J.: 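Sharing a structure here in structure tokens format.
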Amino acid sequence: MSRELTFKEYHEEALSTSICPENMDVIYPMIGLSGETGEVAEKIKKVFRDKCGNFTNEDKWEIIKELGDCLWYINKMAADLGYTLNDVAVAGLNKCYKRRAEGTLHGEGDNR
């Protein structure tokens with residue numbers, strides 16, 4: 001599938017594929033996201049273990065597919081909290097802009 005999507009289009013289309021269990025809002029996508037980020041890490045680990053860090057186009061595409069799964073769960077969790085993927089993107093950028101302005105892009109802690 002090769003097409004351009006806005007965050008709004010993705011948000012709505014992804015939610016139309018949701019079959020999450022009842023009474024598992026936020027928790028179900030959080031568990032799913034944890035699993036999917038592990039799959040991303042595992043694929044990257046194997047490229048370094050087996051190919052000295054040389055990513056083939058196939059390796060890259062397999063990672064992209066797993067990142068797509070991560071995005072799905074992020075979108076679902078945002079929706080469960082009453083937000084959209086656009087809200088997530090804007091909040092993340094605003095956090096980075098604030099840190100850059102304050103000279104705290106490096107460092108530790110959530111509220112730096």
Side-chain angles (χ1 to χ4, degrees):
M1 180 172 150
S2 179
R3 66 180 189 151
E4 297 287 322
L5 288 173
T6 65
F7 281 137
K8 183 178 186 332
E9 290 167 334
Y10 178 85
H11 179 78
E12 293 169 0
E13 289 188 37
L15 289 178
S16 77
T17 68
S18 178
I19 54 170
C20 298
E22 282 188 49
N23 301 318
M24 294 292 287
D25 288 355
V26 181
I27 293 177
Y28 180 81
M30 183 269 310
I31 294 167
L33 179 59
S34 296
E36 294 300 335
T37 57
E39 289 185 36
V40 170
E42 189 68 18
K43 290 191 179 299
I44 292 170
K45 177 202 78 173
K46 288 179 180 177
V47 170
F48 279 88
R49 182 192 67 196
D50 300 338
K51 302 174 185 174
C52 298
N54 296 311
F55 290 84
T56 65
N57 287 336
E58 183 180 345
D59 295 326
K60 292 175 187 178
W61 186 244
E62 291 301 313
I63 292 165
I64 289 298
K65 290 191 300 186
E66 296 303 334
L67 289 172
D69 292 341
C70 291
L71 185 61
W72 190 95
Y73 284 112
I74 290 168
N75 185 67
K76 175 66 173 128
M77 193 180 317
D80 288 351
L81 293 169
Y83 292 93
T84 66
L85 198 52
N86 190 76
D87 296 325
V88 173
V90 169
L93 281 176
N94 285 342
K95 187 173 169 180
C96 290
Y97 294 152
K98 179 181 179 287
R99 288 179 178 173
R100 181 177 62 193
E102 295 173 353
T104 58
L105 283 173
H106 294 284
E108 296 180 24
D110 289 339
N111 296 307
R112 58 179 192 272

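Just so we're clear, the structure is a prediction, and the values are computed from it rather than from any experiment.
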J.: What are the two closest non-hydrogen atoms of Glu36 and Glu66, and how far apart are they?
T.: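 It is OE1-OE1, 2.7 Å.
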
J.: From Cys20 SG over to Leu15 CG, what is the distance, rounded to the nearest 0.5 angstrom?
T.: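 Here the interatomic distance stands at 9.0 Å.
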
J.: Of all residues at least two apart in sequence or in a different chain, which pass the side chain to side chain contact (heavy atoms under 4.5 Å, CB included) check with Leu93?
T.: Tyr97

J.: Only counting residues at least two apart or in another chain, list the ones meeting salt bridge (charged side-chain N to carboxylate O under 4.0 Å, His left out) with Lys8.
T.: Glu12

J.: In Å, rounded to the nearest 0.5 Å, how long is the span from CG of Asn75 to CD of Glu13?
T.: 11.0 Å

J.: Would a hydrophobic clustering, with Ile, Leu, Val, Met, Phe, Trp and Tyr connected at side-chain separations under 4.5 Å, put Phe7 with Leu81?
T.: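 Yes, Phe7 connects to Leu81 through the hydrophobic network.
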
J.: May I ask you to check whether over 12 heavy atoms, not counting those of Asn57, lie within 6.0 Å of atom CG?
T.: no

J.: Under the ring-ring contact (aromatic ring centres under 6.0 Å, His included) test, which residues partner Tyr83, sequence neighbours left out?
T.: none

J.: In the structure I gave you, are the side-chain heavy atoms of Thr6 and Asn86 within less than 4.5 Å of one another anywhere?
T.: no

J.: Among Ile, Leu, Val, Met, Phe, Trp and Tyr joined by side-chain contacts under 4.5 Å, find the other residues sharing a cluster with Ile19 and list them by chain and number.
T.: none

J.: Between Met24 and Pro29, what is the shortest heavy-atom contact and its length?
T.: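 In this case the closest contact between Met24 and Pro29 is O-CD, 3.9 Å.
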
J.: Would you mind listing every ring-ring contact (aromatic ring centres under 6.0 Å, His included) that reaches into residues 34-54, with sequence neighbours excluded?
T.: Phe48-Phe55

J.: Using every non-hydrogen atom in the two residues, find where Tyr73 and Leu33 come nearest and quote the distance to one decimal.
T.: CG-N, 3.7 Å

J.: Among residues at least two apart in sequence or on other chains, which ones pass side chain to side chain contact (heavy atoms under 4.5 Å, CB included) with Asn54?
T.: Cys52

J.: My understanding is that only residues two or more places apart in sequence, or in another chain, count here; which of them pass salt bridge (charged side-chain N to carboxylate O under 4.0 Å, His left out) with Glu62?
T.: Lys65

J.: Can you find a heavy atom in the side chain of Lys98 that is under 4.5 Å from one in the side chain of Lys95?
T.: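 In short, these two side chains do not touch, never coming nearer than 4.5 Å.
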
J.: Which pairs pass side chain to side chain donor-acceptor pair (under 3.5 Å) with one or both residues in residues 16-31, sequence neighbours excluded?
T.: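 Listed once each, the pairs are Thr17-Trp72.
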
J.: Would you confirm whether Asn94, through its side chain, and Ala91, through its main-chain N or O, come within 3.5 Å as a donor-acceptor pair?
T.: no

J.: Provide the full list of salt bridge (charged side-chain N to carboxylate O under 4.0 Å, His left out) pairs with a residue in residues 69-79, sequence neighbours left out, each pair given once.
T.: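 Residue pairs passing salt bridge (charged side-chain N to carboxylate O under 4.0 Å, His left out), neighbours aside: Lys76-Asp80.
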
J.: When you group the ILVMFWY residues by side-chain heavy-atom contacts below 4.5 Å and let the links chain together, are Ile74 and Ile27 in the same group?
T.: yes

J.: Can you tell me how far the CD atom of Glu42 sits from the OG1 atom of Thr37, to the nearest 0.5 Å?
T.: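 Answer for the CD-OG1 pair, Glu42 versus Thr37, is 11.5 Å.
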
J.: Check ring-ring contact (aromatic ring centres under 6.0 Å, His included) between Tyr10 and all other residues, then give those that pass, not counting sequence neighbours.
T.: none

J.: Excluding sequence neighbours, so at least two apart, what forms salt bridge (charged side-chain N to carboxylate O under 4.0 Å, His left out) with Asp59?
T.: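 Counting only residues at least two positions away or on another chain, Asp59 forms a salt bridge (charged side-chain N to carboxylate O under 4.0 Å, His left out) with Lys51.
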
J.: What residues form a side chain to side chain contact (heavy atoms under 4.5 Å, CB included) with Ser34, not counting sequence neighbours?
T.: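 Once residues adjacent in sequence are excluded, the partners of Ser34 under the side chain to side chain contact (heavy atoms under 4.5 Å, CB included) criterion are Met30.
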
